[in-house]
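Reviewing the structure listed below.
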Amino acid sequence: MSIYDTLNPEQKEAVLHTEGPLLILAGAGSGKTRVLIHRIAWLMEQGINPWNIMAITFTNKAAGEMRERVDNLVGFGSESVWVATFHSTCVRILRRYIGHLGFDTSFSIYDTDDQKSVMKDVCKRLNVDTKIFKERYLLSVISRAKDELASPLEMELAAGTDFQRKRLAEVYKEYQAQLRRNNALDFDDLIVKTVELFQNCPEILESYQERFRYLMVDEYQDTNTAQFKLISLLAGKYRNLCVVGDDDQSIYKFRGANIYNILNFEQVFPDAKVIKLEQNYRSTQNILNVANEVIRNNRGRKEKRLWTDNVEGEPIVFRLFTNGFEEAEQVIGDIGRHVREGEGEYRDHAILYRTNAQSRLFEEKLIFAGIPYKLIGGVNFYARKEIKDVLAYLKTIDNGRDELAVRRIINVPKRGIGATTLNRVQDYAGAYGISFYDALLRAEEIPNLGRSAGKIIPFTTLIERMRSAVGSLSLTELAKQLLEETGYVKELEAEGTEEAQSRIENIDEFISKITAYEETAEAPDLSGFLEEVALVADIDTLEENSNYVVLMTLHSAKGLEFPYVYMAGMEDGLFPSYMSIASDTPEEDLEEERRLCYVGITRAKRELMLTAARQRMVRGETRYNMVSRFIQEIPEQYLAQTGAKNPLTAAKERPRQDAWQQSKASFRSKPYESQTLTVTKASGLEYTTGDRVRHIKFGDGTVLEITEGKKDYEVKVEFDTAGIKRLFASFAKLRKL
DNA sequence: GGTTGGAAACTTTTT
DNA sequence: GTTTCCAACC
């Protein structure tokens with residue numbers, strides 16, 4: 001029996017189709033990663049050099065997982081397969097060849113904070129009123145332009161006589177100039193510059209076309225135009241391009257993902273083979289039914305319907321709470337109960353929400369309940385002030401042209417160097433056409449600096465000393481010495497506050513991350529470390545073998561699965577977000593929200609609970625939201641609703657449709673009326689005191705006592721083998737014998 | 001040049 | 001409700 005016999009016919013077909021373009025439409029939980037790794041194994045079995053195989057993903061976590069699974073499946077030779085994210089692939093190419101584009105190979109990678117700083121400076125230079133054009137907005141315009149591979153010049157030409165758009169093009173141009181001056185690239189540039197490199201240097205492109213003869217792209221529905229171009233260029237010669245995606249899980253339009261990359265794949269590659277994977281191996285029937293019911297409300301999707309051989313499973317539960325606190329408390333209580341009753345471990349539970357801000361309530365309750373948890377998202381570890389400070393030192397050592405980094409740390413810790421001094425240095429640098437840091441090196445020659453020059457010299461001496469130590473010291477030693485000589489940690493220690501203490505702890509953690517990098521990387525160096533740091537996403541830190549409840553946004557959850565999933569905040573205005581409802585193109589935006597909902601639902605393997613709150617604190621004020629329209633799209637037959645204090649009032653308080661909704665509803669094939677929710681609270685139990693019952697895990701037992709709680713019945717059962725347990729009726733699922 | 005307090009903005013999602 | 005920013009002070 002071969003490893004391919006475990007695949008279903010469609011999966012097998014996808015694995016065996018190795019030559020020419022291939023589009024795999026893989027529904028949620030249909031085993032697409034499995035197909036990809038088997039495909040790699042098959043290619044190698046056909047005698048294809050693993051060196052010629054490339055698999056691209058979006059996150060490091062996905063890449064790491066694929067790498068591991070390929071290693072396990074094929075063993076020898078698999079290490080030569082190129083498995084990496086889009087961004088790290090580009091960085092690796094650019095580190096070699098970016099000289100052709102006039103950058104230095106030790107370029108910095110700017111994160112969102114850095115981008116903002118650059119933009120601020122740009123606005124100042126160009127006299128842009130940031131009250132009218134917010135930096136955030138300007139950056140998003142530029143980012144979208146880059147996603148579409150539009151240069152500042154093209155943007156200017158496209159603007160025509162439109163003054164505002166011309167102005168935007170100007171900003172874009174200046175922003176790029178500033179990045180170049182700093183020898184820096186932003187995230188989007190990593191892709192754009194690689195495409196540019198390939199277009200400018202056909203011989204470099206060809207060498208990579210030869211290298212990557214077999215390409216595979218995961219999460220293809222989230223690629224943007226630039227990424228598509230990159231792939232097309234690479235696959236241009238051999239055309240062995242296999243893309244795997246699910247248009248129903250496209251949730252990154254806001255970030256430039258172009259859904260037409262998947263919808264029009266067959267037009268771009270007319271000879272493409274298309275294979276649909278519709279069998280789901282992950283979820284129960286009930287979960288899948290609900291997912292299908294929700295997603296079918298979207299138009300403009302490739303028709304498919306997921307099915308499964310799995311058991312019907314428990315009904316999906318919807319619970320409406322009075323407020324967010326109660327929601328958090330009950331969800332956490334539910335998880336605690338699950339674990340206590342042995343139905344699962346902490347790691348089996350995930351709480352998903354639309355916005356990061358929602359995590360706080362859950363965190364508080366989790367801490368209170370003493371439940372270990374992992375929060376994904378929010379403030380990135382590497383975005384913390386103290387970490388960014390240390391990183392800025394390292395960047396300065398690595399890339400002297402990164403002015404942003406230099407400016408960040410020149411007065412941290414305090415050296416008495418202020419704005420006036422910096423401006424004079426800046427002027428000098430400008431006058432002589434040298435970098436800011438090089439000007440600092442010549443502090444003594446700069447006129448009007450006076451005593452300030454004496455404050456600058458110790459700083460540059462320190463950096464220079466560190467630079468010369470780069471080769472001889474390990475990165476860990478370098479960082480430690482840096483912290484020692486700058487007195488950064490000492491200053492924090494002197495502060496003595498709780499906050500300073502946590503900063504010190506973060507720095508310690510940072511040091512151990514450097515050590516870990518040195519131990520695992522093939523050829524560790526400073527640039528490599530900085531690059532890795534720049535490209536980690538928060539989701540990459542999720543460890544499957546640690547036992548904790550996971551909290552994250554629905555976006556972060558894509559590609560993951562959990563036995564028990566809680567989707568919190570199912571309220572109109574929150575999810576779907578207010579932004580999508582009030583957008584210029586609500587239909588389109590709501591469809592994306594609906595896909596997000598679909599992604600959330602399909603994360604669940606065994607049980608899914610949807611929750612909402614009648615009132616919720618948003619930005620300090622209480623908001624009253626209606627229950628999410630997505631809940632209303634779920635036929636009642638699949639839902640068990642509990643949580644209402646009184647079933648009758650709950651039914652009455654069922655949110656009424658507003659005018660907008662009603663007008664929408666009249667265009668639907670499936671009217672809302674047929675989908676109303678009725679309360680099917682555990683109103684009648686089929687057993688009573690003294691009855692013999694059976695529990696899925698504890699076996700048979702006798703009911704000792706039933707107490708009616710606010711939300712549920714609490715049943716005390718004496719099990720024959722497991723002893724006396726107190727269970728909640730809606731979760732214990734006791735069956736009368 | 002550094003510190004402090006109060007106002008304003010902020011929240012949709014991220015490599 | 002929280003974080004960030006800026007202006008007026010020291």
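A, B, ... follow the sequence lines: proteins, then strands. Residue 1 opens every chain.
Within the nucleic acid shown, Ala419(A) comes within 4.0 Å of sugar-phosphate atoms alone, with no base atom in reach, counting heavy atoms only. Among the atoms of the strands shown, none is found under 4.0 Å from any heavy atom of Arg595(A). Lys120(A) comes within contact range of the sugar-phosphate backbone alone, with a heavy-atom separation under 4.0 Å but no base atom that close.
Listed by chain and residue number, Ala328(A), Glu329(A), Ile332(A) satisfy the side chain to side chain contact (heavy atoms under 4.5 Å, CB included) test with Lys365(A) (two or more places apart in sequence, or in another chain). With sequence neighbours excluded, the residues satisfying side chain to side chain contact (heavy atoms under 4.5 Å, CB included) with Ala557(A) are Leu352(A), Met552(A), Arg603(A). Residues forming a side chain to side chain donor-acceptor pair (under 3.5 Å) with Asp402(A) (at least two apart in sequence, or on another chain): Ser108(A), Tyr110(A). Scored by the ring-ring contact (aromatic ring centres under 6.0 Å, His included) test, Tyr175(A) finds no partners at all (sequence neighbours excluded).
In this structure, Lys146(A) fails the cation-pi test against Tyr172(A), since its NZ or CZ atom is not both closer than 6.0 Å to the six-membered ring centre and inside 45 degrees of the ring normal.
Of the C1' atoms belonging to dC5(C) and dT12(B), the separation is 23 Å, rounded to the nearest Å. Across dT11(B) and dC6(C), the matching C1' atoms stand 22 Å from one another, rounded to whole Å.
Salt bridge Glu491(A)/Lys414(A): absent, no basic N to carboxylate O contact under 4.0 Å. Using a cut-off of 4.0 Å between Lys/Arg side-chain N and Asp/Glu carboxylate O, Glu531(A) and Arg92(A) are scored as not salt-bridged. At a threshold of 4.0 Å, the pair Asp147(A)-Arg255(A) does not count as salt-bridged, since none of the basic side-chain nitrogens sits closer than that to a carboxylate oxygen.
Bracketed by its first and final contacts, the part of DNA chain C lying under 4.0 Å from non-hydrogen atoms of chain A reaches from dG1(C) to dC5(C) in 5' to 3' order.
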Readout for nucleotides 10-15 of chain B: B = base within 4.0 Å of protein heavy atom, S = sugar-phosphate only, - = neither; 5' to 3' it is BSBBBB

